[in-house]
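Accompanying notes for the structure given below.
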Amino acid sequence: MTKHFLDLMDFTNDEVYELIELGRMLKRADKLGACPHLLDGASLGMIFDEPSTRTRISFEVAMTKLGGHALYLRPGEIHLGKSETVKDTALVMSRLLDAIEIRSCADDEIAGLAEHASIPVINGMGTYLHPCQCLCDLMTMSEHLPTGKALSDVTLVFVGDATVYENVGTALSHILPRLGAHFVYCAPEGYVADEAFYAPARRACEEGGGTFEIVHDPKQAVRDADYIYSSVMWYDGFDADREKRMRDFLPDYQINEDLIACAPAHAEFMHYLPAQRGFEMTDAVMDHERSLLWDGAENRLYGEMAILVKLMRGRLPHASAEVKAQQKALIETWIAENL
Ligand code: CP
């Protein structure tokens with residue numbers, strides 16, 4: 001059965017650690033100018049129905065560095081879901097490509113592609129989850145662990161909306177407790193979902209021994225934080241809520257110098273980006289020496305490379321040098337005699 005990358009929870013803890021280690025190895029190799037062409041000749045189709053800087057660039061550059069190729073496909077410029085069903089697009093793409101990455105505000109479109117494609121489908125962000133960002137954040141955290149701690153015992157405090165609005169928060173709230181770590185949502189009153197929404201996080205605690213909690217006092221919440229995670233205060237396209245969200249989040253839920261003064265001296269600051277400077281996070285925190293924002297953005301490349309290698313490498317045909325030479329000679333002879 002084709003393995004997709006739709007939800008990090010579809011992968012065991014061991015597989016998650018392997019992906020992190022692979023990402024770090026590829027990063028080391030790339031920094032030496034020695035990135036191996038593990039996906040030589042492979043093609044990735046990238047469908048984006050929403051804007052993207054990091055996800056788009058990282059997947060395209062990842063494919064190039066690994067010896068493959070990526071195509072940027074915009075709904076409206078391809079037939080997906082309009083003059084062709086999701087199923088038919090999946091069937092055609094499966095014949096022409098080696099994998100598909102899709103960002104869509106329709107989760108059923110991502111699921112539909114995965115259901116019908118016989119090649120790996122990667123969730124490049126849906127409304128519910130952002131598993132690529134989540135994996136890359138774990139990689140960044142693994143590179144910046146507090147002294148004496150492992151990923152399995154860190155505390156991440158996510159300051160912001162604790163509902164489905166935050167697909168990165170949702171993804172992190174599932175995987176961190178399953179790894180044994182501690183996830184804390186610090187959200188304003190009114191930005192908490194029904195308890196059923198948190199069932200996967202509660203299950204993850206039982207499976208992995210970590211903890212999950214929702215609190216409302218930011219200064220208390222960050223007291224034991226190893227990482228303070230911030231997210232956009234409002235999304236473009238949701239501007240109708242903007243004034244209300246600003247009233248509800250500011251000033252208490254902004255990551256600023258007053259708030260980080262309440263955290264341990266080693267606490268580091270994260271944001272999946274793009275950020276609205278001066279709203280959810282001040283310039284001083286974004287550009288702070290303990291800001292992981294730019295390392296996190298860079299790691300999108302290496303985390304994405306690990307995902308692509310994990311899903312695609314074993315599926316590609318690998319001809320021996322002898323078979324390659326044989327095929328080349330056959331084709332060249334035919335061309336010489338016929339063209
Ligand atoms: N964090 C993230 O997914 O960034 P982009 O929207 O720029 O891809």
Side-chain angles (χ1 to χ4, degrees), residues 8 13 16-17 20 133-163 166 168-189 191-193 195 197-198 200-231 233 248-272 275 280-282 284-293 295-296 299:
L8 200 49
N13 283 358
V16 171
Y17 282 122
I20 293 168
Q133 179 69 51
C134 181
L135 175 72
C136 299
D137 284 340
L138 295 179
M139 179 178 160
T140 304
M141 291 159 70
S142 79
E143 292 177 335
H144 296 272
L145 288 168
T147 308
K149 282 195 179 183
L151 207 49
S152 55
D153 46 32
V154 297
T155 298
L156 183 143
V157 179
F158 192 98
V159 181
D161 195 322
T163 71
E166 283 304 341
V168 178
T170 306
L172 287 167
S173 75
H174 295 178
I175 193 66
L176 282 170
R178 204 188 68 182
L179 293 175
H182 310 289
F183 182 93
V184 180
Y185 267 130
C186 183
E189 301 280 355
Y191 291 86
V192 176
E195 182 53 29
F197 180 71
Y198 305 111
R202 305 273 184 216
R203 257 197 320 277
C205 296
E206 285 167 23
E207 288 170 20
T211 62
F212 169 82
E213 57 180 321
I214 304 169
V215 299
H216 299 290
D217 181 342
K219 289 189 172 163
Q220 285 288 324
V222 300
R223 273 188 323 176
D224 298 321
D226 296 311
Y227 308 98
I228 303 174
Y229 206 114
S230 180
S231 65
M233 203 164 281
D248 292 342
F249 283 84
L250 293 174
D252 292 351
Y253 295 84
Q254 182 188 63
I255 316 298
N256 54 35
E257 282 160 301
D258 284 348
L259 186 63
I260 67 173
C262 301
H266 70 263
E268 294 165 300
F269 319 121
M270 301 179 73
H271 191 306
Y272 50 76
E280 68 264 20
M281 207 176 233
T282 57
V285 178
M286 287 184 71
D287 300 325
H288 196 281
E289 60 183 9
R290 284 184 279 135
S291 161
L292 301 184
L293 272 59
D295 287 350
N299 280 343

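Under the 3.5 Å distance criterion, the side-chain polar atoms of Y229 are left unmatched by any main-chain donor or acceptor of Y185. Judged by distance alone, the side chain of R290 and the main-chain N or O of F269 form no donor-acceptor pair under 3.5 Å. Looking only at distances, a side-chain donor or acceptor of Y198 sits under 3.5 Å from a matching main-chain atom of A193.
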Assess the residue pair H266 and T147 against the criterion (side-chain contact (heavy atoms from CB on, under 4.5 Å)); give the C-alpha distance rounded to whole Å, side-chain angles, the decisive distance to 0.1 Å, and a yes or no. CA-CA 9 Å; H266 70 263; T147 308; over 6 Å; no
In sequence, state the C-alpha distance, the side-chain angles, and the governing distance for Y253 and D248, and then conclude on side-chain contact (heavy atoms from CB on, under 4.5 Å). CA-CA 8 Å; Y253 295 84; D248 292 342; over 6 Å; no
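The two residues M139 and S142 make their nearest non-hydrogen contact at O-OG, 2.7 Å. Across all non-hydrogen atoms, the minimal contact from V157 to C186 is CG1-CB, 4.3 Å. Nearest heavy atoms, G169 versus F158: CA-CE1, 3.5 Å. For the pair V285 and I255, the tightest heavy-atom approach, listed with the atom from each and the gap, is CG2-O, 3.5 Å. Summarising the geometry of A267 relative to A263, their closest heavy-atom pair is CB-CB, 3.9 Å, with the distance given to 0.1 Å. Minimum heavy-atom separation, H144 to E268: O-OE1, 2.9 Å.
The SG atom of C205 sits 11.0 Å away from atom CZ of R203, with the distance rounded to the nearest 0.5 Å. In this structure, CD in E143 is found 9.5 Å from CG in L292, a value given to the nearest 0.5 Å. The distance from atom CG of L259 to atom CD of Q254, rounded to the nearest 0.5 Å, is 9.0 Å. Put simply, CG on D137 and CD1 on I20 are 10.5 Å apart, with the number rounded to the nearest 0.5 Å. To the nearest 0.5 Å, the span separating CZ on R178 from CZ on F212 amounts to 16.0 Å. Atom CE of residue M141 and atom CG of residue L179 lie 8.5 Å apart, to the nearest 0.5 angstrom.
Under the side chain to side chain contact (heavy atoms under 4.5 Å, CB included) rule, Y227 has a single partner from L145, T140, L176, which is L145.
Annotation for K149: atom NZ counts as buried by contact number, over 12 foreign heavy atoms lying within 6.0 Å. Atom CG of D287 has more than 12 neighbouring heavy atoms from other residues, nucleotides or ligands inside a 6.0 Å radius.
Using a 4.5 Å cut-off on side-chain heavy atoms (C-beta onward), H182 and L156 make no contact. The closest side-chain heavy-atom distance from H216 to E189 is below 4.5 Å. Looking at heavy atoms from C-beta onward, I260 lies in side-chain contact with H288 at the 4.5 angstrom threshold. For the pair I175 and F183, the minimum side-chain heavy-atom distance is 4.5 Å or more. For the pair F197 and T170, the minimum side-chain heavy-atom distance is below 4.5 Å. Looking only at side-chain heavy atoms (C-beta outward), V184 and D224 stay at 4.5 Å or farther from each other. Side-chain contact between P146 and V154 is present, with at least one heavy-atom pair separated by less than 4.5 Å. Counting only heavy atoms from C-beta outward, the side chains of L8 and H174 never approach each other to under 4.5 Å.
Inspection of the Y191 and E166 side chains reveals no N or O donor paired with an N or O acceptor under 3.5 Å.
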